[in-house]
Number of protein chains: 2
Amino acid sequence: MASGIAITVEVDLITALEDQGLRRTYARSAVATRIESVSEAFTAEQLCRDLPEVGRATVYRTIRHLVDAGALCKLPILDGAPMYSIARVEHHHHTICSKCGAVGEFRHSTVERLMRSLEKEIDGEIVGHRMEIFITCNQCLSSTNGGE
Amino acid sequence: MASGIAITVEVDLITALEDQGLRRTYARSAVATRIESVSEAFTAEQLCRDLPEVGRATVYRTIRHLVDAGALCKLPILDGAPMYSIARVEHHHHTICSKCGAVGEFRHSTVERLMRSLEKEIDGEIVGHRMEIFITCNQCLSSTNGGE
DNA sequence: CTCATTATTGATACTTGATATCAATTAGGC
DNA sequence: GCCTAATTGATATCAAGTATCAATAATGAG
Ligand SMILES: [Zn+2]
Ligand SMILES: [Zn+2]
Ligand SMILES: [Zn+2]
Ligand SMILES: [Zn+2]
């Protein structure tokens, strides 16, 4: 595939579900709409709290469908429930602010090139990778500097 | 710090605990010895099963102490309990075999150099990173080829 | 060695995140 | 509108991990 081109993907979650052959229902629309409106990374439990009119099981199921469809990313969080964020770029990595938890997305061809060059160092065949960069985001930096 | 030098660290877990000001007890020795003898990555529950003579709480507590001491790495596993492996090299990343789960450790200066170069791309201040490479290990490759 | 002090242990209960069950409901095609 | 299959969600259950706290063990002083 092309090396430096970041492919931006549609972010219509309800369509992503329908493309999986799933029916458009009130519950799924509510979940999709909510995720699109928050714009930040979230946990399944947060979503349940935000949508008391939708059952927990359905919230969890819908999230799983969206991850399967590639429309959501699931981020493992040590010491806590995984977080989800909308997948805007085909292949990417995440920045996570250690202070506020804000999740960002980035893609850089150097990372991908590095993977290929690492192939000789590694004992086996590379089938994928994951990378997270922990940051203090600009917001948290400025709120620390500027005082309160 | 030096760029290409991998610092190999002592792997004496009970000493790592004592260095934290913790007492040498039967339970902690049993946990430490067991971890050293398995040599592979493991989950907390596995360790509990392997050591029925040590209470669950103590197994979990001892693992936490070892992680705090930097003697064990905690690897987040999507869809499952975290795995732990002995930290043999100061700063490193992991390879995880998608078939058998075997965990390896590697360090490559290019990865670390890349981090520094990424600093301009990232919105904020980098405070750390994590990276996992998913592989099919040589064992799994050969057992697939050889047929069974 | 003996005792007092303090750390440690582990059975139990609990919390949290997530999945299984299954009767009642809903969506979509005809 | 009617039928069928998909979906929902209350409830039960499971899994990983933590809190409690009385009983026990490790240290250190004397
Ligand atoms: Zn993502
Ligand atoms: Zn990548
Ligand atoms: Zn490690
Ligand atoms: Zn690194």
Side-chain angles (χ1 to χ4, degrees), chain A residues 13-35 38 41-69 71-85 96 101 103, chain B residues 13-35 41-69 71-85 101 103:
Chain A
L13 298 183
I14 195 71
T15 303
L17 291 173
E18 290 188 323
D19 289 353
Q20 299 273 296
L22 300 168
R23 288 181 178 173
R24 175 189 291 251
T25 65
Y26 168 74
R28 299 214 257 244
S29 300
V31 171
T33 305
R34 177 76 203 177
I35 293 174
V38 295
F42 59 92
T43 65
E45 290 301 319
Q46 273 167 28
L47 204 52
C48 288
R49 258 176 275 129
D50 292 345
L51 293 169
E53 72 272 24
V54 178
R56 295 172 50 73
T58 302
V59 169
Y60 274 92
R61 275 188 294 240
T62 306
I63 288 174
R64 200 167 351 125
H65 287 312
L66 288 167
V67 172
D68 290 347
L72 278 189
C73 305
K74 184 173 181 179
L75 280 104
I77 302 293
L78 274 180
D79 310 309
M83 302 205 71
Y84 299 89
S85 74
I96 305 175
V103 171
Chain B
L13 298 182
I14 195 72
T15 303
L17 291 172
E18 290 187 324
D19 289 352
Q20 300 273 297
L22 300 167
R23 289 179 179 175
R24 176 190 289 252
T25 65
Y26 168 74
R28 298 215 257 243
S29 300
V31 171
T33 305
R34 176 77 203 177
I35 294 174
F42 59 92
T43 65
E45 290 301 320
Q46 272 167 29
L47 205 50
C48 288
R49 258 176 275 131
D50 292 344
L51 293 169
E53 73 272 25
V54 179
R56 293 171 50 75
T58 301
V59 170
Y60 274 92
R61 274 188 294 239
T62 306
I63 289 174
R64 198 162 356 119
H65 286 312
L66 288 168
V67 172
D68 291 348
L72 278 189
C73 305
K74 183 174 182 179
L75 280 104
I77 303 291
L78 274 181
D79 310 309
M83 303 205 69
Y84 300 89
S85 74
V103 171

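Order of the sequence lines sets the chain letters (A, B, ...), proteins ahead of strands, with each chain counted from 1.
- Look at CG on A/Leu22: it is 11 Å from P on D/dA6, rounded to the nearest Å.
- Nucleic acid contact for A/Gln46: none, since no nucleic acid atom lies under 4.0 Å from a heavy atom of the residue.
- If you take CG of A/Asp68 and P of C/dT19, they are 11 Å apart, rounded to a whole angstrom.
- As judged by a 4.0 angstrom heavy-atom cut-off over every strand, B/Ala57 is placed among the base-contacting residues.
- Out of C/dA18, C/dA7, D/dA5, the shortest distance to the side chain of B/Arg23 is found at C/dA7.
- Nearest-nucleotide positions on DNA chain C for B/Tyr26 and A/Ala44 put B/Tyr26 closer to the 5' end.
- Across the helix from C/dC1-D/dG30 to C/dC30-D/dG1, the helix axis at one end is tilted relative to the axis at the other end by 30° (nearest 10 degrees, each axis from five pairs).
- Going from atom CG of A/Leu13 over to atom OG1 of A/Thr33 covers 8.5 Å, rounded to the nearest 0.5 Å.
- Below the 3.5 angstrom threshold, one finds a donor paired with an acceptor across the side chain of A/Arg56 and the base of C/dA18.
- Between B/Tyr60 and D/dG17 there is a side-chain polar atom (N or O) within less than 4.0 angstrom of OP1 or OP2.
- In this structure, CG in A/Leu47 is found 5.0 Å from CD1 in A/Ile35, a value given to the nearest 0.5 Å.
- Residue B/Ile14 contributes atom CD1, which lies 11 Å from atom P of C/dT8 at whole-angstrom precision.
- Distance, A/Gln20 CD to D/dT7 C1': 16 Å, rounded to whole Å.
- Of the residues near DNA chain D, A/Asp79 and A/His65, the one whose nearest nucleotide (by heavy atom distance) lies more toward the 5' end is A/His65.
- Taking CG of B/Leu66 as the start and CG of B/Leu22 as the end, the distance is 9.0 Å to the nearest 0.5 Å.
- Comparing B/Arg24 and A/Arg28 against DNA chain D, the residue whose closest nucleotide sits nearer the 5' end is A/Arg28.
- Under a 3.5 Å cut-off, the side chain of A/Arg28 and the backbone N or O of A/Arg23 do form a donor-acceptor pair.
- Residue B/Thr25 has a polar side-chain atom (N or O) positioned under 4.0 Å from OP1 or OP2 of C/dT9.
- Taking CG of B/Asp79 as the start and NZ of A/Lys74 as the end, the distance is 3.5 Å to the nearest 0.5 Å.
- In this structure, CG of A/Leu75 is placed 17 Å from C1' of C/dG17, rounded to the nearest angstrom.
- In this structure, the CD1 atom of A/Ile77 is 18 Å from the P atom of C/dT16, given to the nearest Å.
- The closest donor-acceptor contact from the side chain of A/Thr58 to the backbone of A/Val54 lies at 3.5 Å or more, if one exists at all.
- Rounded to an integer number of Å, the gap from A/Leu17 CG to D/dA6 P is 16 Å.
- Taking every side-chain heavy atom of A/Ala81 into account, C/dA18 is the closest of C/dT6, C/dA18, C/dG10.
- For the atom pair CG of A/Leu17 and OG1 of A/Thr25, the computed distance is 8.5 Å after rounding to the nearest 0.5 Å.
- Using modelled atom types, one finds no donor on one side chain facing an acceptor on the other under 3.5 Å when comparing B/Tyr84 with B/Gln46.
- A donor-acceptor contact under 3.5 Å is formed by the side chain of B/Arg61 with the base of C/dG10.
- Rounded to a whole Å, the CG atom of A/Leu78 is 15 Å from the P atom of C/dG17.
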